[in-house]
Student: 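Before I ask anything, let me first share the structure, which is written out below as structure tokens.
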Protein chains: 2
Amino acid sequence: MARERVTVVDIARAAGVSKSTVSLVLQGSSLVNEATRAKVNAAIRELGYVYNRGAANLRQSKSKIIGIVVNDLTNSFFAELAVGVDAVVQSAGFVQFLANTGEKSERQREVIASMREHGVSGLIISPARGTEVSDLAPLVASGIPVVLVVRDIADAGVSSLISDNHAGAMAAVRHLIERGHRRIAFLGGFPDTAVFEARMRGFRDALREAGMPAVDELVIGSAPSRAGGVTAIEQAMMLKERPTAALCFNDAVAFGVCDGLRARRLEPGADFAVIGFDDVIEAKTAVPALTTVSVDPQGMGERAAELLLKQIMAGRAEPEAIVSPVRLVVRQSCGGTVERRVKEISS
Amino acid sequence: MARERVTVVDIARAAGVSKSTVSLVLQGSSLVNEATRAKVNAAIRELGYVYNRGAANLRQSKSKIIGIVVNDLTNSFFAELAVGVDAVVQSAGFVQFLANTGEKSERQREVIASMREHGVSGLIISPARGTEVSDLAPLVASGIPVVLVVRDIADAGVSSLISDNHAGAMAAVRHLIERGHRRIAFLGGFPDTAVFEARMRGFRDALREAGMPAVDELVIGSAPSRAGGVTAIEQAMMLKERPTAALCFNDAVAFGVCDGLRARRLEPGADFAVIGFDDVIEAKTAVPALTTVSVDPQGMGERAAELLLKQIMAGRAEPEAIVSPVRLVVRQSCGGTVERRVKEISS
DNA sequence: CGAATAATTTAGATCGATCCAAAATGCAAG
DNA sequence: CTTGCATTTTGGATCGATCTAAATTATTCG
């Protein structure tokens, strides 16, 4: 196998036309006669021609590649985000370079550089923890469109698409208060991130609004993972005055909290109210189904991709900062008996 | 911003040398004098030069891109697989094109074609359901290295890396029998897939080995998801003679089965033994921790990537069919009290 | 039928790097 | 101060497509 590459010249020869004509056909130009177009297409099929996008890009100096870099692909939130991006991007005729940084900003620098070398025409980035404006500076200076998702970086000078973490957290806590809870914990997440900060502020503001004190020992950070949730709830249950409900940093933490409760023979939902954040797919089917603030990761990926494509098409666009509305989906884990009751929040 | 592209010629001019010399420096050639190398590197930094890999690829007719196409990225098994591939591939200086087919073979055809046009130098494919040899034929005919993972396709003429599904299922069922279970179900998965077939065969063979009858009504297919697991266990518990244990098609199904059991006030582990398949990260931290046949998705991704890279380097390699060993990790969900007892199976 | 106009087709330069063969330079020995 | 050999550097062709401007062919019409 592995025979010589078939090029436009080969198929031009086979079809008895010039390579220019072949190029026209490849681009679906209307300038070319039906009969010749048919001849050329026949030759293309005959010789098993494969278009060389790299060569075309070189001449046109633009590509149909977009890059997406995520901080943790093993977290299904980000996997779903990537799926959303992929769907939009593919149907626009682009392909995506996907890289996982695993929260390491060194690797993030490398992969962004690598993507630039490959000539991506736009980049969607969910920044690694601790990413600074200076990490992104050379990229934004180059003028290629960038959309930040999930985590914003102040003054980076690029578009961003984040969810309304503050409003979501407030709505969740209000709901818990309405149900009669008076000792509510905020569990999980790394305290030095903007997302944590926003959700925690929502938590605090809702308590203040209800005239309830914010007890510091009820805010317990941890890794934003299932395992982190287990340790956070364990710590919470060691307190003299235990909480009766918790808003969790994200769904993974919430699942861990449920696990940890069961390990102490407490039934999530019945004995202790748990609310998550993100609404990953498993949230709906878990038992008990998880009450959570729905961020719709896949939809967010789609919107990020659309925003990026818009900017790519427009050439030069003003950076937009979009805050995506969020809604509380009440399921069983917060003691609700009402399935599928949905509260619209917004912004 | 968005100024003119800086090319080798520009930096050659700035450094007062020829573009050939610059090219040599870029490739880290030892032919070039230390002093000039320094001058060139200075100019590169000064002008903010970005290497154009596309142009280089054109001349060298080889790229540092590998493609990975997965059938369902929202399944964390495949997300982890992709992470494993990414890790190896990145440290070998490659980047990965990742595409999600969502089990649609039409989309699979498109993305494979697109990747070929972009000149990937190798492809790792976890085929969509119902992929035929003919779907892959043009690809393998082109001679570019391909590694099939997770699902093999007979006679495709390419390398494959699958887990030892048969041995894994047998070990799991043997374990359940040792614990005294006599009515064991096989739950979840689409019956028309090779993976299902292999795992089910292992299930049957272990029963036969123990002289136990294989009861058809105890084999219940479903979607290979958490939701599918819920419906499968519900169906199983409707039988007159209920099972006391189940081997599940994969971990997602197993989690669903646990959910379904709880919904009936049965505690997985204590009241009913559940064994999964794959060993996704959550298996360890779930409560009860899931006994499962460990496939190590991330490790599998790494090995697939290594195999592919080997073939790319070798130019032309014989297709290998690797069956990756698998081990039963006994945790709590099968009623075990022994934590972290590990049985090595193999093949 | 020939000029004018419209519809097709094409030669050759070009994108940004690599590679080859050949030229330029440095250095040691005679 | 050459000659000979090793070390560096370089011009120009090349990869496979696109693009421009111009050439060719077809069609219309007075």
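Model, not experiment: these values are computed from the prediction. Naming: A, B, ... by sequence-line order, numbering from 1 per chain.
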Student: Is A/E34 salt-bridged to A/R37, going by a charged N under 4.0 Å from an acidic O?
Tutor: yes
Student: Are there over 12 heavy-atom neighbours, none belonging to B/K310, within less than 6.0 Å of that residue's NZ?
Tutor: no
Student: Under a 4.0 Å N-O cut-off, is there an ion pair linking B/R303 with B/E306?
Tutor: no
Student: Test your reading of the model: is there a side-chain donor-acceptor pair from A/R53 to the backbone of B/E117, 3.5 Å cut-off?
Tutor: no
Student: Report which part of the nucleic acid B/V17 touches: base, sugar-phosphate, or nothing (heavy-atom distance under 4.0 Å, all strands).
Tutor: sugar-phosphate
Student: Side chain of A/T21: nearest nucleotide among D/dT8, D/dG12, C/dT9?
Tutor: C/dT9
Student: Could you tell me whether B/T7 contacts a base, only the sugar-phosphate backbone, or nothing, with contacts defined as non-hydrogen atoms closer than 4.0 Å?
Tutor: sugar-phosphate
Student: For DNA chain D, find the residues of residues 23-30 of chain A with a heavy-atom distance under 4.0 Å and give them by number; none if there aren't any.
Tutor: A/S23, A/Q27
Student: Please report the distance, rounded to the nearest Å, between CZ in B/R13 and C1' in D/dT10.
Tutor: 16 Å
Student: What nucleotide, of D/dA17, D/dT18, C/dT8, holds the atom closest to the side chain of A/Q60?
Tutor: D/dT18
Student: With nearest nucleotide decided by heavy atoms, which residue, A/V8 or B/L31, maps closer to the 5′ end of DNA chain D?
Tutor: B/L31
Student: Work out how much the helix from C/dC1-D/dG30 to C/dG30-D/dC1 bends between its end axes, five pairs an end, to the nearest 10 degrees.
Tutor: 50°
Student: What integer distance in Å separates B/L58:CG from D/dA13:C1'?
Tutor: 13 Å
Student: Answer yes or no: is there a donor N or O on one side and an acceptor on the other, between the side chain of A/S159 and the main chain of A/A321, under 3.5 Å?
Tutor: no
Student: Indicate yes or no for a side-chain donor-acceptor contact from B/S324 to the backbone of B/I162 under 3.5 Å, with no hydrogens or angles considered.
Tutor: no
Student: Hey, what are the protein-to-nucleotides 20-27 of chain D N/O distances that come in under 3.5 Å?
Tutor:
none

Student: Can you tell me if A/Q60 has over 12 outside heavy atoms packed within less than 6.0 Å of its CD?
Tutor: yes
Student: Surrounding CG of A/D155 (heavy atoms of other residues, nucleotides or ligands, distance under 6.0 Å), is the total greater than 12?
Tutor: no
Student: I'd like to know if the side chain of B/E80 and the backbone of A/T74 have a donor-acceptor N/O pair within less than 3.5 Å.
Tutor: no
Student: Would you list the atom pairs, donor with acceptor, under 3.5 Å between side chains in residues 9-17 of chain B and any protein atom, with sequence neighbours excluded?
Tutor:
{"residue": "B/D10", "atom": "OD1", "partner": "B/R13", "partner atom": "NH2", "Å": "3.2"}
{"residue": "B/D10", "atom": "OD2", "partner": "B/T7", "partner atom": "N", "Å": "2.8"}

Student: With A/Q108 as reference, evaluate A/N71, A/T131, A/N100 under the side chain to side chain donor-acceptor pair (under 3.5 Å) test and give the passing residue.
Tutor: A/T131
Student: If you look at every heavy atom in A/S63 and A/G119, which pair is closest and at what distance?
Tutor: OG-O, 2.6 Å
Student: Distance only, no hydrogens: is a donor on one side chain within 3.5 Å (strictly under) of an acceptor on the other, for B/S61 and A/R5?
Tutor: no
Student: From CZ of A/R53 over to C1' of D/dG16, roughly how many Å is that when rounded to an integer?
Tutor: 14 Å
Student: So, does A/D135 use its side chain to make a donor-acceptor pair with the main chain of A/E132 at under 3.5 Å?
Tutor: yes
Student: Can you tell me how far P of C/dG16 sits from CZ of A/R59, to the nearest Å?
Tutor: 9 Å
Student: Near DNA chain D, counting only heavy atoms under 4.0 Å, which residues of residues 109-119 of chain A show up?
Tutor: none
Student: I need the CD-P distance between B/E34 and D/dT7, as an integer number of Å.
Tutor: 15 Å
Student: In whole angstrom, what separates A/I44's CD1 from D/dG16's P?
Tutor: 16 Å
Student: Is it the case that B/T21 and B/S18 place a side-chain donor and acceptor less than 3.5 Å from each other?
Tutor: yes
Student: Provide, to the nearest angstrom, the distance between the NZ atom belonging to B/K19 and the P atom belonging to C/dA17.
Tutor: 11 Å
Student: Please check: side-chain N/O of B/N52 versus main-chain N/O of B/G54, any donor-acceptor pairing under 3.5 Å?
Tutor: yes
Student: So which protein N/O to nucleotides 24-27 of chain C N/O distances come out below 3.5 Å?
Tutor:
none

